[in-house]
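The structure appears below as structure tokens.
Index from 1, following the sequence. Heavy-atom basis, side chains included; hydrogens, waters and symmetry copies ignored. Everything numeric here is computed off the predicted structure, so don't read it as measured data.
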Amino acid sequence: VRSGSAGFHFLPNSFAMVLRREALAVPWKGVNLGGWLLLERGPSYPLFEDHLSEKGEPIKCEWDLLQVMQAKFGKKETAAIIHRHRETHITKADFQRIKELDMNAVRLPFGYWVVMAPSTNEPYVGPAIDFIDRAVDWAGECGLQVVLDLHGCPGGESGEIPTGRLCPEGQWTWRQWRFKKSLETLDLVARRYKSRRCVTGIAVCNEPSNTVPLQTLCRYYDQAVDTVRHAGMKVRDVTVVLQIFQRDEDEVIQRWERMTGDRHRNICFDVHCYHCMENVFHGKTMASQMRAVEDNAEMLRKYPMVVGEWSLALGCGAWSTCGSMTDQEVYRIFGAAQVKAYEEASHGRFFWNWTEASDAEWNYQIAQKQGLLSGPALPLPNWDGVGEDPLEEILHPSPPDAYIRYAEPVYLRVFHGRYVDVDGSQVAARWSDKDKWQEVSFWPSANTLSKLAAGREGCPLTKREQGAANEQEVQPGDVVRLRVRGGRFLAADGQKGTAVALPARAATAAATEFIVHARGAMALKHRGIIFLEHRATGQMLDADEEDEAISARWSHKGEWQQFAVEKPSAPALPQTPKKQQQAQHQALSSPTTTSPMQKQRKAQEATAAGTVASTPSRPKKAMDFVDTSPKRRRVLQKVTGTTPNFDWVRAESLGAKQSQAAR
């Protein structure tokens, strides 16, 4: 693709799989200008912080914000406020700064109402296409390229916040997306900017709902590409960007190829690589997050793709499984890994976002200033999917004694990244903290009155009994009792299918005994995965993220029934400033390697998944796709001298050893 000063052209890729993989000679490397021409709570935070809903609650989308403002100020004053926001949120100085930071492109999200007048009874303020004109002018003057992104389509490509309007559950269907009007918007934009050399990409929608039939979505994409080309944006000049969101990329691209063959050239698919959305990412450990980045790199090598959005935000499970690393170290490792992986994208990457609240996870300027997006990626050991990933031990080291023993405190992490906690008789999994409320200990089954009495409040074990219990390891197949906060014991109500915490005096064997099941383990160790079968009913304990409860409803051993057992972390030995400096220098100067065995690992995981019965699935709801991760609560320890940090030397050496062993 040609662009102002870049002189771009296409590089056909020799290892294209299903679809012709045409790559930009110099892929886009840039940021999103979100929150400017489509308001979102994060990047447009000053407006959202100044106004609350009628119930005094935070407003979540542009539609609701404008309705509140118009009710308060009237339409004329509201329009004036939005105009001032557009005048000041992004200026030419931002484009100049982006260029100075060695980026070559910006992605410009906008709602259709910025291009043409909003529909009747919609509160949007528009048109305001002169602001797109400004962006294109500034980009050309600063030597940047622009990807024009139709972020909010007429009727909405989903009922979610990024379209401009968050619809209550069940009040949006895919038939409300006005496809014809969307194509008219694209035609107007393409005709207006077809001769602008800096405009090198146009995205036809953003994050379309996965309820839109795939055939319908591909038909819209086919029509959108034709619309853009017929409007004058030529194949050699502009890439047409098609979104893949909450769908299997192989399935989408195969359907696209069957529908269009090799008719369209210079198109790419947009994927958003977020690691903080949905329970699958909240439940990932820090190590599995890093493996997910590896998997993304493999996907990007197959198809013509751009990573249209990515950030440094992590699901809550990563923060409790990162050992003694500080926040900055976690972000730096994660950021460097992503930058390396997204270099595989044929059409580049765009960080979300250029400007945001004071948050390094989402604000490029802060992340860049803190050095979180530079430096080589941490070498990862090879892993074929058999047994535990050696990266777990590197990032979440075991204590000196890794075995789980009776009467010792442990924590039980559920599939969505929170830990089992007890408040009175209530058993839940509400937080990613590991504190007194989350402590659990295994106790022998209550086959005798003496064993039952041993766990009661006011009747503790003798020192001799305590020593004997501490020496005994918990084994798969053991019948155990789970002692929790306040001396209570976990129990299961077979009729209600719920878990409760009973006082010791009421804890009968029938209610409180569980059988431990573990995967491929002779003895239970730190980070081991277990299932807890209620002995009397045969039901497995399970977690439910909707009501944050722990229940006992099914006999399956599926994802909802998994518990990761973790021992308290041993305090890290403080390093001298010299050793700390040497370790960090070695990490920064180490070569980057990636695992070549991902396909084998995926096959192993798929096989393992097929060996257990699955929990009955439920339809995904809007809440599944919202970032619900709480801010990390862990307060960094303040001590005199050097704060214990991640042991870079150990990580590097272990990673190298594991890689050599795998080879």
Side-chain angles (χ1 to χ4, degrees), residues 279 283 285 288 317 321 385-389 392 398 402-420 427 429 438-447 451 469 472-484 489-494 497-501 507 509-544 549-567 604-617:
N279 288 318
T285 64
S288 58
T321 56
V386 177
E388 185 183 56
D389 185 349
E392 294 285 356
S398 301
Y403 288 96
I404 305 299
R405 302 181 184 277
Y406 283 97
E408 290 185 342
V410 296
Y411 307 100
L412 300 179
R413 176 166 44 83
V414 304
F415 77 97
H416 55 76
R418 281 78 172 183
Y419 289 85
V420 172
V427 184
Q438 286 79 28
E439 283 188 358
V440 178
S441 56
F442 291 91
W443 288 70
S445 59
N447 294 327
K451 287 184 178 179
Q472 187 174 349
E473 300 165 357
V474 180
Q475 306 276 346
D478 281 2
V479 178
V480 302
R481 304 168 75 226
L482 299 166
R483 192 174 189 268
V484 295
F489 287 88
L490 288 191
D493 186 323
T498 59
V500 295
T512 62
E513 288 185 345
F514 293 87
I515 303 171
V516 177
H517 299 270
R519 288 182 175 173
M522 296 301 294
L524 192 57
K525 299 176 72 174
H526 176 64
R527 298 187 305 267
I529 302 297
I530 64 170
F531 303 90
L532 293 168
E533 177 189 352
H534 189 232
R535 191 181 188 190
T537 64
Q539 308 287 40
M540 299 287 174
L541 289 185
D542 68 83
D544 188 337
I550 300 298
S551 306
R553 297 171 288 184
W554 299 291
S555 59
H556 305 298
K557 295 176 186 168
E559 181 185 34
W560 289 13
Q561 288 77 28
Q562 290 184 18
F563 294 87
V565 187
E566 297 176 4
K567 299 188 72 169
Q604 293 282 357
E605 291 171 348
T607 302
T611 61
V612 294
S614 59
T615 300
S617 61

Test item: His534 side-chain N/O and Ala511 main-chain N/O as donor-acceptor pair under 3.5 Å | yes

Go through Leu532 and Ile515 one step at a time and tell me if the side chain to side chain contact (heavy atoms under 4.5 Å, CB included) criterion holds.
-> CA-CA 6 Å; Leu532 293 168; Ile515 303 171; over 6 Å; no

Those residues at least two apart in sequence (or on a different chain) that pass salt bridge (Lys or Arg N to Asp or Glu O under 4.0 Å) with Glu566 are Arg413, Lys434

Please report the shortest heavy-atom distance between Thr537 and Gly494, naming the atom on each side.
-> CG2-CA, 3.9 Å

Nearest heavy-atom approach of Thr512 to Ala507 is CG2-CB, 3.6 Å

Nearest 0.5 Å please: distance from the CD1 atom of Ile404 over to the NZ atom of Lys525.
-> 10.0 Å

Any chance you could measure Leu541, atom CG, to Leu412, atom CG, to the nearest 0.5 Å?
-> 9.0 Å

Does the Glu533 side chain pair with the main chain of Gln539, one donor and one acceptor, at a distance under 3.5 Å?
-> no

Sidechain-backbone polar pair: His416 side chain, Gly317 backbone, donor-acceptor under 3.5 Å | no

In terms of side-chain heavy atoms, does Gln561 have a donor or acceptor partner in His556 at a distance below 3.5 Å?
-> no

Tyr419 and Val440: CA distance, side-chain angles, deciding distance, side chain to side chain contact (heavy atoms under 4.5 Å, CB included) verdict = CA-CA 10 Å; Tyr419 289 85; Val440 178; over 6 Å; no

Full working for side chain to side chain contact (heavy atoms under 4.5 Å, CB included) between Asp544 and Arg553 = CA-CA 11 Å; Asp544 188 337; Arg553 297 171 288 184; 3.3 Å; yes

Inter-residue atom distance Trp443.CH2 - Leu482.CG, 0.5 Å rounding | 12.0 Å

Heavy-atom donor-acceptor pair, Lys567 side chain to Ser398 backbone, under 3.5 Å | no

Separation of Tyr406 OH from Glu473 CD (nearest 0.5 Å) | 10.5 Å

Between Ile529 and Ala564, the two heavy atoms sitting closest are CD1-CB, 3.8 Å

Chi angles and distances behind the side chain to side chain contact (heavy atoms under 4.5 Å, CB included) call for Ile550, Asp542 | CA-CA 6 Å; Ile550 300 298; Asp542 68 83; over 6 Å; no

Residue of the set Leu490, Val479, Ile530, Asp478 for which side-chain contact (heavy atoms from CB on, under 4.5 Å) holds with Phe514 = Leu490

Heavy-atom closest contact (Ser555 atom, Gly538 atom, distance) = CB-O, 3.7 Å

Donor-acceptor contact present, side-chain His517 to main-chain Phe531, <3.5 Å | no

Of all heavy-atom pairs between Ala492 and Ala552, which one has the smallest distance, and what is that distance?
-> CB-CB, 4.0 Å

Shortest non-hydrogen contact from Ser441 toward Ala407 = CB-C, 4.0 Å

